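Owing to the predicted nature of the structure, the values given are computational and were not obtained by experimental measurement.
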Amino acid sequence: MNAGDIAFPNLGIYLHDVPVSFSIFGFKIAFYGLFIGIGVLAGLLTAVQVAKKTGQNPDDYWDFAIWAVIFSVIGARIYYVIFSWDDYKNDLLSIFKFRSGGLAIYGGVIAAFITLFIWCRIKKRKPLLIGDTAMPGLILGQAIGRWGNFMNREVFGDYYNGLFSMQIPLADVRDPSDITEKIAANIPEGANYINVHPTFLYESVWNLLIFALLLLYRRHKKFDGELCLLYLGGYGVGRFLIEGIRTDTLFIPGTTVPVSQVLALAMVIFAVAADIVVRIRLKKFKSAS
């Protein structure tokens, strides 16, 4: 297998010379950043369309997006640095080297929600309504952004040689620590590649399913904020399962507990509990009236 190639042999898919970046007028552009940018734009356009169909002002979403994108990137970086502190503690300036990689989606999502409530308080908007309108776009953006990980040959799982097995040249693996003992033990004799779970693909497909569910359920929601809860619960379930087979997991400092799995489980529990509580209160309110 040549450097730059990516294959899904059991599906009969062989891609040659898959680039990590390209240049325009001598300026290097990473596909990782490009896919994130496309995801952000697609998510914003989706939110704007939903806003138009629900009689809201689309300009609110363009305005909110400016702040949400800025603080989401900062939040994603802070989250990653906190749980990868050993990689930065001896070179603090490297924290600001965004182009070297190191963004965690959970940090971005947390920052986006915080920004949502602060922005709505300042602008005197309804945060749960704005949130419900933005959720389909958010999960769509995440689905698209995951393909940046594919271009980077990262966010893959442990050894796997089933139907969706992905082959990556050893020379293209960005972080050698992502190669587990199981992966190393199953490298065919004389081979220069690894067989792994394409977890980026699993999450992208899962996110697209959540995206479709949010759009279909939008007209049937019982209260503002329900799509936010559906997003938290749906994404949490998928992330909890997928995180269990990833090899680049971030751990709670001093433990071997994956922080993203803990957070995903907390999201699911919160979403289910909140939905039940609100539905009970709505039922009591209707009965009383």
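Applying the salt bridge (charged side-chain N to carboxylate O under 4.0 Å, His left out) rule to Asp248 yields the partners Arg246; only residues at least two apart in sequence or on another chain are considered. For Tyr106, the ring-ring contact (aromatic ring centres under 6.0 Å, His included) partners are Tyr235, not counting sequence neighbours. Listed by chain and residue number, nothing satisfies the salt bridge (charged side-chain N to carboxylate O under 4.0 Å, His left out) test with Asp5 (two or more places apart in sequence, or in another chain). For Asp178, the salt bridge (charged side-chain N to carboxylate O under 4.0 Å, His left out) criterion is met by no residue, not counting sequence neighbours.
Ionic pairing of Lys126 and Asp224 is not present here: no N-O contact between side-chain nitrogen and carboxylate oxygen is shorter than 4.0 angstrom.
A centroid separation of less than 6.0 Å is found between the aromatic rings of Trp119 and Phe64. Side-chain rings of Trp85 and Tyr88 stay apart, their centers remaining 6.0 Å or farther from each other. The distance between the ring centers of Phe113 and Phe117 does not fall below 6.0 angstrom.
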Return all side-chain donor-acceptor pairs below 3.5 angstrom for residues 8-15, not counting sequence neighbours, or 'none' if the list is empty.
{"unit_1": "Asn10", "atom_1": "ND2", "unit_2": "Asn161", "atom_2": "O", "d": "3.2"}
{"unit_1": "Asn10", "atom_1": "ND2", "unit_2": "Gly162", "atom_2": "O", "d": "2.5"}

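No single ILVMFWY cluster, assembled from side-chain heavy atoms under 4.5 Å apart, contains both Tyr193 and Ile6.
Screening residues 158-192 for ring-ring contact (aromatic ring centres under 6.0 Å, His included), with sequence neighbours left out, gives Tyr160-His197.
Atom NZ of Lys222 has more than 12 neighbouring heavy atoms from other residues, nucleotides or ligands inside a 6.0 Å radius.
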